[in-house]
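The structure under discussion appears below in the form of structure tokens.
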Amino acid sequence: NAGVTQTPKFRVLKTGQSMTLLCAQDMNHEYMYWYRQDPGMGLRLIHYSVGEGTTAKGEVPDGYNVSRLKKQNFLLGLESAAPSQTSVYFCAALGPADQGRYEQYFGPGTRLTVT
Amino acid sequence: DAKTTQPPSMDCAEGRAANLPCNHSTISGNEYVYWYRQIHSQGPQYIIHGLKNNETNEMASLIITEDRKSSTLILPHATLRDTAVYYCIVRVAIYTGANSKLTFGKGITLSVRP
């Protein structure tokens, strides 16, 4: 049980290039999230999904697109990367934990640098 | 979700208790206090949460004041591996749609010294 995995771990892009970040979970959870974290800051929500085929905008969605074609995968796309998108990107999946509570399980992060 | 205020940093000696404060003076009656931590560059990890009663688990204790306007996370015997950023988050315990998201502030950086 790997939990939440992210691909790639590191990436350097030039301004204007595009790329897709992959998040995969093997816990069969419905909800998934993409956050970004800038240096010295907390995480900010980009987009989220409440189930296969559905997505919704978070706090900072501009410049990003997402897709949830399969329940276990949540893709984050940058169509035309900008230096302001240099950040660490975290994916999370929400599912049941103990004592009836739910918990967000986070992936290890993807470090993206846009030059 | 209610806003939280945490000091930017603190330190403690290894083996001693670490008491991390959080103010949430605008907390509503149906909002819980959650604590997460983020060890250097890793994804955040859930620690504990509570509504109004004190809570304890294998990782930490959570003390919430009677008026619920502040709380303290206690790591009873801090180790070097507890060095991390700790986030205090106030949110409703409803896991539907946008209410399921977590709102992170800057957190408090705990440094455990040998």
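Letters go in sequence order (proteins before strands), and every chain restarts at 1.
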Does any heavy atom of chain B fall under 4.5 Å from the side chain of A/Leu45, the backbone, both, or neither of them?
side chain
B/Cys22 vs B/Leu73 side-chain heavy atoms within contact, under 4.5 Å:
no
Counting only non-hydrogen atoms closer than 4.5 Å, does A/Val50 touch chain B with its backbone (N, CA, C, O), its side chain (CB onward), both, or neither?
side chain
List the atom of B/Pro114, the atom of B/Leu80, and the distance in Å for their closest heavy-atom pair.
N-CD2, 3.9 Å
Determine whether B/Leu62 and B/Ile47 make a side-chain contact, defined as any pair of heavy atoms from C-beta on separated by less than 4.5 Å.
no
Do A/Tyr64 and A/Leu76 have side-chain heavy atoms sitting under 4.5 Å apart?
yes
Determine yes or no for a side-chain-to-main-chain donor-acceptor pair under 3.5 angstrom, with A/Gln85 supplying the side chain and A/Gly63 the backbone.
yes
Is any side-chain heavy atom of B/Val85 closer than 4.5 Å to one of B/Ile108?
no
Put together the list of donor-acceptor pairs under 3.5 Å connecting chain A with chain B, please.
unit_1: A/Tyr31; atom_1: OH; unit_2: B/Tyr95; atom_2: O; d: 3.4
unit_1: A/Tyr31; atom_1: OH; unit_2: B/Gly97; atom_2: N; d: 2.9
unit_1: A/Tyr33; atom_1: OH; unit_2: B/Ser100; atom_2: OG; d: 2.6
unit_1: A/Tyr35; atom_1: OH; unit_2: B/Leu102; atom_2: N; d: 3.2
unit_1: A/Gln37; atom_1: OE1; unit_2: B/Gln38; atom_2: NE2; d: 2.8
unit_1: A/Gln37; atom_1: NE2; unit_2: B/Gln38; atom_2: OE1; d: 2.9
unit_1: A/Gln37; atom_1: NE2; unit_2: B/Tyr87; atom_2: OH; d: 3.1
unit_1: A/Gly42; atom_1: N; unit_2: B/Gly105; atom_2: O; d: 3.4
unit_1: A/Tyr48; atom_1: OH; unit_2: B/Ala98; atom_2: N; d: 3.3
unit_1: A/Gln104; atom_1: NE2; unit_2: B/Ser100; atom_2: O; d: 2.9
unit_1: A/Arg111; atom_1: NH2; unit_2: B/Ser41; atom_2: OG; d: 2.5

Test item: A/Pro83 and A/Thr115 side chains (from C-beta on) under 4.5 Å apart, heavy atoms:
no
